[in-house]
Amino acid sequence: MNAPLIRMEGIHKAFGPVSVLEGVDFELVAGEVHALMGENGAGKSTLMKILTGIYAPDAGRIEVDGQPVSISTPADAERYGIAIIHQELNLIPSLNIADNLFLGREMHRFGLLDRKAMRERAKEWLARIGLDALDPSTPIEKLSVGQQQMVEIARAIGQNARVIIMDEPTAALTERETATLFALIRELRTQGRGIVYVSHRMEEIFALCDRISVLRDGKFVGTRPVPGLDLDEVVRMMVGRTLEARFPKRTSVPGEVRLQVENIGDAAVHGVSFDLRAGEVLGVAGLMGAGRTELARLLFGIDKPSQGRVLLDGKTITPRSPSEAIHAGFGFVTEDRKALGLVLDMSLRENVSLPKVPAHAGLVDRSGEKKQTHGLIDRLKIRTRDMELDVRALSGGNQQKVVLAKWLALKPRVLILDEPTRGVDVGGKAEIYHIINQLAEQGVAILMISSELPEVLAMSDRILVMHEGHATALLNAATATQETIMHAATGGK
Amino acid sequence: MTARLTWSDAATLIQRLGSVIGLALLFIALSIMSPDFLSAGNLLTVLRQVSINALIAFGMTFVILAGGIDLSVGAILALSGAIGAGLMAAGYSMWLAVAAALGLGALLGVVNGVLVSWGRVAPFIATLGTMTLIRGLTLVYTDGRPISVTNNAFALLGDGYVAHLIPIPVVLMFVVFAVFAFLLRGTVFGRHVIAIGGNEEASRLSGVRIAPMKLAIYGVSGLASAFAGIVLTSRLHSAQATAGAGYELDAIAAVVLGGTSLSGGRGWLFGTLIGALLIGFLNNGLNLLGVSSFYQLVVKGIVILIAVLLDRR
């Protein structure tokens, strides 16, 4: 075999006193899809940021095609043919596809933009990844998330990237878009490019990848070929121990009906009705855009329903604002924790007490607040050195626990969870499941929106399936299967 | 009350202390360069000059922390001062005049809050509009002429001294500072101000009632401006329709020099005090050194630019 596309050896990186990478090795050969795995905070993103010139390593060497190189800026990375597709897409929504593809390297004639040439070249690039149907003059904001991602990949290919790093690329994609993306990744592989695939979704990795490298606490654990590898071993490599169970068991039985939703709807939700009992977990499944988050927003008073009503303990409440919903006993763990769940520049303590600051007559009760925060840090096993740390500095999994902690402090009667484990690692997921079970056992009524079918099936008592704003099925989780859910989620009758 | 120092605290502290260090350096430099600078008389005079801008800037800090901006503060200062002076000229008592002026300032601030929250107008535009409107109303009310104040008790607010030494405006400045600093750090209101500036949508979804908060925040700014208007009117023994023109920019400069982020969510009131002092001592020092007022503006602009460049992150 020739020299690998990329070889990183003994990479060290520390931020101040905190060591993030301690002698990590990583190798990518041409024509492979290589999964990079590890828990939140294991150092995956830092390693990729070093490879793309965003951070400089403190020690270690990087080779491209067997030649030692120094990658100190993103421009260096681009020159060596290394491109990254970020989780948060880097496109300008108001500009069209061609403008975005050539952003910063516009083609011009006599100092004027050569739109025609760019459009033609854009068409060529799109065709190369099978997107002949897309018109390069379409504004980005008109595209689905999946298509936007394709545009990013087209840009990488257009710039002759031979190494493409994808960070959780399927997090926001529908089933079909995911299939399209996988076909494209396989095509890129046969073209001899190398793909680094960062994801927490085991199923995908086993379906797609050739090799897996695992990091744990900033250390390199090992690289294994996927054929012949089993899931338990990967989990063991990631967490350094055997997890008892991916989904802990719950013993409680649902009690009285707590929440009745009758024919509620607005522009995106069409007359949805269901009951939710105390101590019950009602899973809400469906594809992207099925109206699941919109349903949650109606229940929590963020958007105003145009029809229907909500009853809590038999009384009509239909919240008109989040603050009314909270007073009625609702909590809402939002899907997008950075934009909607947290104030990133505030401390863990301040975030936890945002819905209800412990106070007497408007004056903050500091010691009460600290006690409350301590209790929640212990209960949720939030790993932090200090409750005064800005939540920006926490890993994704710990941030998610902070969002949960906010609502636990309020002792809600109905808790809405929207993708509660998105972007959270295996160990963190198990801990969040454990908390959900605990809450249900204490009698909290839980509505859990999730796109991960194994999670919905294992955690729910019943499953509400939505399709294009309608509730298409209400299944008993004990008898439901991934197939019956998908059937209802795609509108099948 | 304060916990042990953590790394992030230390980093923030060093970043924040920039303005304090700047003020200290300026202080030392001026002491060496001008023999008149370091006298109790001069220092207290500067503090008294600073007090007007500082009072406005304390209110502005709340608005900027919450992610907004208030351009109408100078105009509110002028109208409140004029109404107060007008009421006294019409024979009403000083206390009624002061209360009316403060109430009017708070009310005008609340109007800003209404435009920004329920009206969904960008703060810059909304307060640009009310700034022009209020300035116009002031000209209409005063007919463009100064309104003199003859009330001797009222004049004490701006002219008087505590213990024959410390000017009353300076005392008022520190009292308002203490009250506002507590409001910001010790109350649920202050916590929510910073939360809104940090992430308005997350705050709303956490049950913070954004609209009433904004009315209150702009109300605080209007109140502080009216207070400054009263002190200024008292000090000058008259209210001028053109009083306070351009003060909004000095107040914003003080807030930003103090290390508060213009995008909201990060900052402190102590920094604003330091920022206002920095501007005041800079003006005073340049005066003592005989630098022309034209060059003073140039220097002030450079200092502001250096400060914000150092504060980037």
Side-chain angles (χ1 to χ4, degrees), chain A residues 15-18 296-297 300-302 319 321-328 330-334 336-347 349-367 369-370 384-393 403 406-407 410, chain B residues 1-16 64-67 117-118 179 181-214 216 220 259-268 313:
Chain A
F15 296 104
V18 185
R297 290 173 65 94
F300 200 62
I302 303 170
S321 70
S323 96
E324 272 190 33
I326 291 165
H327 277 290
F330 284 81
F332 182 21
V333 174
T334 50
D336 187 341
R337 60 178 164 258
K338 284 186 180 157
L340 303 177
L342 297 168
V343 183
L344 293 171
D345 282 327
M346 283 184 123
S347 68
R349 167 177 58 83
E350 289 166 319
N351 268 281
V352 165
S353 50
L354 195 52
K356 185 162 184 278
V357 186
H360 305 296
L363 306 186
V364 178
D365 168 13
R366 288 277 173 144
S367 63
E369 189 181 22
K370 280 183 183 160
T384 175
R385 286 169 286 137
D386 189 335
M387 67 166 82
E388 301 303 326
L389 211 58
D390 284 356
V391 290
R392 183 187 292 285
V403 180
K406 268 172 56 173
W407 300 110
L410 280 184
Chain B
M1 179 147 143
T2 47
R4 68 205 161 77
L5 206 65
T6 62
W7 277 101
S8 75
D9 284 346
T12 328
L13 206 63
I14 290 165
Q15 197 189 4
R16 283 175 164 188
I64 290 180
L65 266 176
S117 59
W118 289 321
V179 171
F182 178 75
L183 190 62
L184 192 58
R185 287 296 158 186
T187 68
V188 178
F189 171 78
R191 177 73 62 83
H192 286 175
V193 169
I194 298 169
I196 289 174
N199 187 340
E200 183 168 326
E201 195 56 14
S203 304
R204 188 165 80 95
L205 297 192
S206 299
V208 177
R209 293 164 66 221
I210 307 292
M213 278 297 297
K214 286 204 171 158
V220 165
T260 294
S261 158
L262 255 187
S263 50
R266 270 200 319 266
W268 57 340
R313 83 167 215 191

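Chain letters run A, B, ... following the sequence lines, proteins first, then strands; residues in each count from 1. Below, each value reflects all heavy atoms present in this structure, side chains not excepted, and no hydrogens, waters or symmetry copies.
- Across B:Gly198, B:Ala195, B:Gly265, the residue that shares the most heavy-atom pairs under 4.5 angstrom with chain A is B:Ala195.
- How far CZ of B:Arg204 is from CD1 of A:Ile302: 6.5 Å, rounded to the nearest 0.5 Å.
- Qualifying side chain to side chain donor-acceptor pair (under 3.5 Å) partners for B:Glu200, counting only residues two or more places apart in sequence or in other chains: B:Lys214.
- A:Leu410 is linked by a side chain to side chain contact (heavy atoms under 4.5 Å, CB included) to A:Ile326, A:Pro355, A:Lys356, A:Trp407, counting only residues two or more places apart in sequence or in another chain.
- Neither the backbone nor the side chain of A:Ser367 comes within less than 4.5 Å of any heavy atom in chain B.
- The most heavy-atom pairs under 4.5 Å with chain A, out of B:Gly197, B:Gly207, B:Ser206, come from B:Ser206.
- Using a 4.5 Å cut-off between heavy atoms, A:Ala339 contacts chain B through its backbone alone, with no side-chain atom that close.
- Residue contact with chain A, scored on non-hydrogen atoms closer than 4.5 Å, involves the backbone and the side chain of B:Arg191 alike.
- Judged purely by atom type and a 3.5 angstrom limit, B:Asn199 uses its side chain to pair as donor or acceptor with the backbone of A:Lys338.
- Taken from CD in A:Glu324 to CZ in B:Arg209, the straight-line distance is 8.5 Å, to the nearest 0.5 Å.
- Only the side chain of A:Thr334 comes within less than 4.5 Å of a heavy atom of chain B; its backbone N, CA, C and O stay farther away.
- Contact count versus chain A (heavy atoms, under 4.5 Å) is highest, among B:Ile194, B:Val188, B:Ile196, B:Val208, for B:Val188.
- Distance check: A:Leu354 CG to B:Leu205 CG gives 10.0 Å after rounding to the nearest 0.5 Å.
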